[in-house]
Amino acid sequence: MYKNSRGRPGVVLAAVAVAQFTVALDLSVVNVALPAIRTALGFAPLDLSWVVHVYALTLGGFLLLGGRACDLYGRRRLFVLGLVFFGLCSLAGGLAQAPWQLIAARAGQGLGAAAATPATLAMLTTTFPEGPQRVRALGVWSGVNAAGGALGVLAGGLLTEYAGWRWVMLINPPIVAVALALIRAGVPGEARTVRRERPDVLGAVLATGGVGLLVTGVVRTDVQGWESPATWTMLVAATTLLAAFVVTESRAPAPLLRLSLLRSRGVAGANVMVFFSTAGQFAAFYFVSLYMQQVLGMGAAATGAAFLPFSASLVAGSIVATRVTAARTPRASLVPGALLAAAGLAWFAFISPDGDFLTDVLGPCIITGIGVGLVIAPIVAAATTGVAPHESGMASGLMNSSRQLGGCIGLAVLATIAAHRTGTATDPAAINDGYALGLAIAAVLFVLAAIVAIGVLPRLQTETPAPQPATTAENRLEGTPS
């Protein structure tokens, strides 16, 4: 365990922002470089998608374990180890000479990110006290997280076109070095205590296996299809393992995920809302990017630059959300934000094969960006408010798992629906129809997120989950009598 020291809040926030930006950037920066990667390393067509999928698989599969490890072994320690491993694997990926080397490096990146991501959020919730200070800090975290994903498309296009595909990987180590230098300056080392809880090994195996099989089964539907026996075998196996995980966690003395944490309307509602909103957001990035390239005929760099208005709007929405949430409650920003994002995506659904950037992309991009910005910071605040410090990593891992699963599952399902609408046609009009349908469903997902915020999240104040009695080590951690 570790001592609860706040360190230097400003430096902690800077380190966390830099690290989270890098992790989020890597979710999308590789996408634009895939054609160049295939040519350079000789990827088989069916294997190329694993460059993207293996990162999502390891990140999603190990987030809960990474979150709980933060509570047991120290947030700063997991942050450093995760980032170092992420940076080394990025270097290995940039130097890869064969397909298997790049895929292994991407798997390692996901594993490092699964340790670092919950640690970033846990450090914020334990560094900044509940109230306006934490809301502002979470606003920065959420803003850079979303901006990293959006700017990844731009960075990937520019790097691939002007520096070469390897730089979509090699750009990470210098940024990681900056984050490590900041955390070294801002957060003191964590003192070990004599006693530690025994890790929930069985829960970790069941959760990682269940989530891993679920993500694999869903993301591979682009090749195998939803009707494939292999797909359904993986989904049934994933459901079985996750059901066993729930039973195990209800009986474990030190669970990976304390199920009673979900009795809080704020925590439970926020995680459901994270799932719906991230599913809609990821799908929107995917369809709009393909629309600009395959229907409007824009190049990789131009497509990336076209997302700049979205990023700017998102930042503006995040600033407004931070002020609203600090003065009232997360719900006050979440409901209008989700509805505004739904309106922007509904506008996007009117894309035309004869359209252009100014008439079909710019306006809905700004509306959607503001709406998403109004959602991302308050939703993190709702998912972590009232959680005991010794379980901050657990809550962070849960929220990030909901985000990752929402993105993977939502994108896979909506991409399948869009492909079914398009069929075997290759003309721009048919492709446009498929993308428009996917964007319309993404709008519905944000409406569902708004309904959850209205019906589940507390109206006046965020409820506090029933605290779990701390162990002797945790009492020493918080400075309370044993």
Side-chain angles (χ1 to χ4, degrees), residues 2-27 29 59 63 66-67 69-91 109-130 132-152 155 170-191 315 318-319 322 376-377 380-381 383-384 387 389 392-393 395-397 399-400 403:
Y2 49 89
K3 292 182 179 179
N4 185 18
S5 176
R6 296 190 187 278
R8 298 165 61 187
V11 181
V12 173
L13 180 58
V16 163
V18 171
Q20 191 58 35
F21 179 84
T22 308
V23 171
L25 186 79
D26 230 57
L27 284 169
V29 71
L59 176 58
L63 273 170
C70 292
D71 296 330
L72 294 179
Y73 303 110
R75 305 169 190 103
R76 183 185 189 272
R77 190 169 293 118
L78 262 291
F79 179 87
V80 171
L81 289 176
L83 275 188
V84 168
F85 195 67
F86 179 88
L88 291 175
C89 290
S90 298
L91 179 62
Q109 283 184 304
L111 188 60
T117 300
T120 63
L121 190 52
M123 283 197 295
L124 287 186
T125 58
T126 53
T127 299
F128 295 89
E130 287 188 10
Q133 291 185 43
R134 181 181 295 183
V135 170
R136 285 192 291 269
L138 293 177
V140 173
W141 183 91
S142 302
V144 299
N145 188 53
L151 292 176
L170 296 177
I171 193 176
N172 290 328
I175 304 176
V176 166
V178 172
L180 292 174
L182 287 169
I183 206 66
R184 181 180 177 85
V187 179
E190 297 154 347
V315 171
S318 297
I319 293 173
T322 299
I376 54 176
V380 177
T384 56
V387 177
S392 58
S396 302
M399 193 276 295
N400 281 292
R403 183 191 299 273

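Numbers here simply count residues along the sequence, with the first being 1.
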Legend entry - Side chain to side chain, Leu91 and Leu170, heavy atoms closer than 4.5 Å: yes
Legend entry - Shortest non-hydrogen separation from Ile175 to Ile171 and the atoms involved: CG1-O, 3.4 Å
Legend entry - Closest non-hydrogen atom pair between Pro118 and Ala113, with its separation: CD-O, 4.1 Å
Legend entry - Side chain Arg403, main chain Met399, donor-acceptor under 3.5 Å: no
Legend entry - 4.5 Å side-chain heavy-atom contact, Asn172 and Gln109: yes
Legend entry - Value rounded to 0.5 Å, distance of CG in Asp26 from CZ in Phe21: 11.0 Å
Legend entry - Taking every non-hydrogen atom, the tightest pair across Val18 and Ala179: CG1-CB, 3.9 Å
Legend entry - Beyond-backbone contact of Leu81 with Tyr73, side-chain heavy atoms, under 4.5 angstrom: no
Legend entry - Approximate separation, where rounding is to 0.5 Å, of Ile183 CD1 and Thr120 OG1: 9.5 Å
Inset, instruction - Examine distances only and state if a side-chain atom of Thr117 and a backbone atom of Ala114 form a donor-acceptor pair shorter than 3.5 Å. - result: no
Legend entry - Non-hydrogen atoms of Phe85 and Gly112 that approach each other most closely: CD2-N, 4.0 Å
Inset, instruction - Please report the closest heavy-atom contact between Pro173 and Ser90, naming both atoms and the distance. - result: CD-CB, 4.0 Å
Legend entry - Rounded distance (nearest 0.5 Å) linking atom SG of Cys70 with atom CZ of Arg77: 11.0 Å
Legend entry - Any side-chain heavy-atom pair of Phe86 and Thr22 under 4.5 Å: yes
Legend entry - Shortest non-hydrogen contact from Ala155 toward Leu25: CB-CD1, 4.3 Å
